[in-house]
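What follows is a single structure, written as structure tokens, with notes after it.
Residue numbers start at 1 and run along the sequence shown.
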Amino acid sequence: MRPSLIKFLFVLALSAVGAEAGVVHGRDTPATTTAAAPKAEISVTTVTSKSETIQMPAKSTSPPKVLGFFPSELERSGRNTEEPFPDGPQTAAVPTTTIAAKDKVVYTKPATISAALTTSVPTKAKRGTKDKRQFGAATVADIFIPIATTEPSAIFPRRTTHQVSRKNVQELDMAAHTNKFYANIFLGTQDRPVVTMPYSVWWSKGDVNGQTGLVNPWGLSVAHVDENQRQYGPTNSVGSAGTGAIEYYYSPIWVRSMHLGATEFSTSTSSIEFAKLRQFYIRVDLFSNKGADSTKKIRSHLCLGQGFVSSEYFGLTPRIESDQLFSSVTRVTTGLRAGLIKYKVTLGDGKRWVIYAEAAAANTAPFTLTLVNNRRLQASGAFFGVIQVAKVGSAASTTIEALLDASAGGMCIKSEATGQVSGSTGSYQINYTRQGGVGPLLMFALPHHVTSFEAATTAAVKTSYTLTSLSKGTMTAVVADQWRLREADMPTNIGWLPVKTGTAAVFPAAALTQLAAVAAQEIAEDFNGQSHLDSMYFSGKALSKFAYVCLTTYHVLNNPALAATCLTKLRNAFAIFPLNQQQYKLAYETKWRGIISEATYITGDNLADFGNGLYNDHHFHYAYFIHAAAVIAYLDTKSLTSSQGTTWLTANKDWVDTLVRDVANPSASDTWFPIYRSFDWWHGHSWAKGLFESLDGKDQESSSEDANFAYSMKMWGHISNQPAMEARGNLMLGVLRRSINTYMLLHPQTSPHPLNPNPNSIHPASFNKNFVVGILFENKAHHTTYFGVQPQHIQGIHMLPLTPVSNYIRTPTFVQGEWNAFFSNGRAEAVTDGWKGILFSNLGLWKPRDSWLFFAATTFQQNWLDGGASRTWALAFAGMLGGASP
């Protein structure tokens with residue numbers, strides 16, 4: 001599709017602002033000394049007024065390239081099609097032996113039955129006595145202190161090579177991020193978009209454009225697309241289950257709204273380099289000919305949320321281009337602060353942009369932009385200083401321009417997070433470092449930021465200036481060098497078991513009898529056979545499953561002998577992993593710096609174990625081990641077996657800590673791992689995709705497994721007496737609760753989540769009928785999975801695993817709406833594999849009695865459980881929410 005060519009009036013304002021070194025630039029009258037302007041390739045008529053200079057070029061005969069490229073297919077780069085649990089039944093038949101019924105147990109909140117932790121050695125408490133310490137209620141002034149700064153243990157063999165090289169990365173001897181927003185620029189073809197929100201940028205490499213036949217410019221290209229440029233999927237997909245929801249929506253890529261380049265750039269001599277691969281930003285250097293003169297370059301810092309796309313020029317001649325064609329370019333000569341140069345631009349697609357320039361002290365010539373042709377503006381000579389571009393919108397706005405004028409010249413060159421907790425309230429800050437300008441930075445905030453801002457930051461929000469993000473709703477301008485955000489309802493009351501609000505749950509004697517029989521059956525299973533697999537993911541799921549069985553046996557059944565048997569088997573099954581004796585060892589690789597499965601090296605398959613070797617899904621994989629370890633360490637303090645106190649914890653702490661460090665190293669002081677590989681404190685959730693390029697950017701497929709990592713880390717921090725780690729886990733859960741219920745769990749507009757009062761402002765209303773996003777990309781929302789398209793696949797991947805924080809993240813109202821839309825009227829009963837158990841476990845968050853009856857039924861089949869779920873835990877969970885009683 002291509003719109004008919006509109007007749008455009010092309011207007012250029014030719015600035016002649018400048019002076020010799022030491023003289024202020026940006027005066028109201030043009031400088032008297034100018035460099036020779038580049039020769040125009042089109043006929044131009046000049047008109048001059050008191051406040052602006054206008055040139056009127058001849059009408060263009062070539063259409064603007066408005067549409068860009070549409071990546072409509074689900075991009076499977078870095079993804080295989082394996083389901084998230086092994087095929088086949090994972091449990092044996094229920095034993096026929098009868099277990100005597102106990103008296104009924106009144107189940108109280110877990111905070112009243114867990115041991116008080118006042119020192120490194122937990123003290124034993126009687127069941128039913130109140131815990132004197134909640135799960136993370138302490139005050140921690142700095143939650144980002146390092147876990148450790150020591151080299152990873154030699155138990156992890158060193159791998160000094162990796163399948164993916166650091167293309168053009170300057171800093172080779174340091175940990176580098178693998179899952180952050182900018183990875184496309186150093187992976188694969190290196191020309192996939194980097195989504196800074198709301199803009200996307202990419203390295204344009206001077207090749208031939210396959211759509212237009214024109215030669216692409218060399219340099220840094222910039223795009224912003226609006227909602228009316230989106231493409232929408234069909235409404236009759238299998239996964240929509242007749243809801244009428246669209247399957248996906250996405251935005252075109254490579255829509256070159258603006259391009260920052262230089263006349264000296266060429267495909268034969270120019271090069272790109274990267275440095276400062278940090279959490280929220282990266283530095284990009286574009287050299288005209290580094291071998292001849294390394295000082296001649298353009299330097300850009302790409303920061304999440306940047307209000308301008310900024311480039312610092314070092315002695316190169318600026319060239320600014322647009323595939324949309326310049327319909328009007330006007331130089332503003334009044335109302336600006338001294339030294340600031342401004343152009344107002346209207347593109348052929350009708351969108352308004354501004355261009356700012358501010359010369360550095362080293363600049364010796366005036367800065368002038370001349371329209372060379374309808375696609376190109378060119379400066380009159382070499383420039384030292386900053387050039388910035390920003391989009392105003394689809395219409396002119398003096399209010400927005402005033403905001404941009406006040407912040408122009410200021411560039412984000414660094415950003416980092418700090419955080420604190422006190423009680424159930426956590427605070428975190430995004431701290432920006434500004435270079436240049438005279439006022440605070442203008443940045444853009446996502447919806448979940450705005451709803452969690454503290455008062456001081458809320459006062460800096462500029463609601464008059466908004467731009468559309470690619471997949472997360474409308475972004476709002478904030479003028480501040482620091483953002484302060486707060487979560488006031490962290491789950492400090494949630495520990496080893498779920499919390500029920502209201503009256504206490506009751507387990508009648510008959511229910512306990514049945515639960516005990518099921519637990520005995522599952523404890524009799526082969527722990528080793530289910531967990532000693534060729535996949536860290538599947539192995540960890542099995543260990544975590546049995547950990548929940550052990551917890552149930554100890555806390556709900558109050559059967560220390562059976563719990564001891566369970567613990568012994570779990571500990572023995574776990575033992576091979578810290579010894580690194582599993583089928584594929586974990587290795588520490590030194591190129592990117594992280595703990596990865598050796599399966600990729602041995603098999604040659606980059607997708608082995610879901611791409612673990614290329615840093616896919618580490619927060620999913622390692623969470624299960626961290627949780628299992630936390631439960632073992634906890635039960636080990638209960639004197640259930642011959643190993644008592646902190647013996648097991650002491651022996652295994654370093655190994656478990658290393659897994660946490662790989663996924664969520666909190667400090668730059670720990671140089672062995674990047675800071676927060678997976679979780680993104682700016683986006684509010686993790687990104688699962690590792691070192692694979694992608695047209696649609698990073699993605700996340702399972703919000704529930706994201707929460708599972710934060711929960712597992714919290715509980716490991718709790719039992720290992722690491723208050724800062726526990727606090728981070730709680731705050732991450734608070735942030736995840738907000739972001740998941742804003743971007744991934746799609747509440748109806750009529751029953752919004754309290755943390756997201758306007759759901760239809762995030763995704764299109766026609767997409768919200770899906771109830772879950774499916775796969776959330778930076779550029780796309782796609783109601784599907786990589787492994788299946790049935791409703792149970794798409795909805796279910798956001799349900800598993802069932803954890804004590806499941807009902808913290810998912811509300812009963814949401815579960816009810818999702819169930820009625822996709823699984824009511826016998827549709828859930830028609831599922832015949834492990835997804836069936838997932839669906840009915842999730843049902844317990846809304847109807848715990850129905851969930852209990854499903855798992856308690858004599859007709860229950862073992863193949864309805866996936867490899868990471870147990871019938872014991874499903875029954876116990878439903879019972880603890882009140883489902884065991886009629």
Flag for [Y]-[X]: side-chain donor and acceptor within less than 3.5 Å:
X: Asn580; Y: Lys585; result: no
X: Gln722; Y: Asp657; result: yes
X: Ser678; Y: Asn179; result: no
X: Glu818; Y: Asn820; result: no
X: Lys472; Y: His683; result: yes
X: Asp699; Y: Tyr786; result: yes
X: Asp609; Y: Ser597; result: no

Minimum heavy-atom distance between [X] and [Y], given as atom pair plus value:
X: Ala727; Y: Ile143; answer: CB-CG2, 3.8 Å
X: Leu736; Y: Gly684; answer: CD2-O, 3.6 Å
X: Ser424; Y: Thr492; answer: CB-OG1, 3.6 Å
X: Ala599; Y: Ala608; answer: CB-CB, 3.8 Å

Before we go on, tell me: are the rings of [X] and [Y] under 6.0 Å apart, centre to centre?
X: His449; Y: Trp682; answer: yes
X: His782; Y: Tyr248; answer: yes
X: Phe280; Y: Tyr676; answer: no
X: Phe577; Y: Phe625; answer: yes
X: Trp852; Y: Phe854; answer: no
X: Phe771; Y: Phe814; answer: yes
X: Phe673; Y: Tyr588; answer: yes
X: Phe787; Y: His793; answer: yes
X: Tyr548; Y: His627; answer: yes
X: Phe840; Y: Phe855; answer: no
X: Trp687; Y: His685; answer: yes

Query raised in the report: side chain to side chain donor-acceptor pair (under 3.5 Å) with Tyr615: which of Glu589, Arg677, His162, Lys689?
Result: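 Output: one option passes, namely Glu589.
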
Requested in this report: Find out whether Phe877 and Leu845 are in side-chain contact, i.e. whether some heavy atom of one side chain is under 4.5 Å from a heavy atom of the other.
Outcome: yes

Enter the distance from [X]:[atom1] to [Y]:[atom2] here, rounded to the nearest 0.5 Å.
X: Leu865; Y: Asp833; atom1: CG; atom2: CG; result: 11.0 Å
X: His619; Y: Tyr624; atom1: NE2; atom2: OH; result: 10.5 Å
X: Phe822; Y: Thr243; atom1: CZ; atom2: OG1; result: 4.5 Å
X: Ile775; Y: Ser471; atom1: CD1; atom2: OG; result: 12.5 Å
X: Glu778; Y: Asn184; atom1: CD; atom2: CG; result: 7.5 Å
X: Asp526; Y: Lys569; atom1: CG; atom2: NZ; result: 7.0 Å

**Report entry** Glu522 with Arg871: basic N within carboxylate O range, under 4.0 Å
**Finding:**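 Answer for the salt bridge query: no.
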
Query raised in the report: Between Tyr808 and Arg737, is there a cation-pi geometry (under 6.0 Å to ring centre, at most 45° from the normal)?
Result: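 Checked: cation-pi criterion met.
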
Report summary line: Only one of Trp873, Tyr634, Trp716, Tyr711 passes ring-ring contact (aromatic ring centres under 6.0 Å, His included) with Trp496, and that residue is Tyr634

Query - Worked verdict on His618 versus Asp662 for side chain to side chain donor-acceptor pair (under 3.5 Å) - result: CA-CA 8 Å; His618 278 205; Asp662 174 79; 2.7 Å; yes

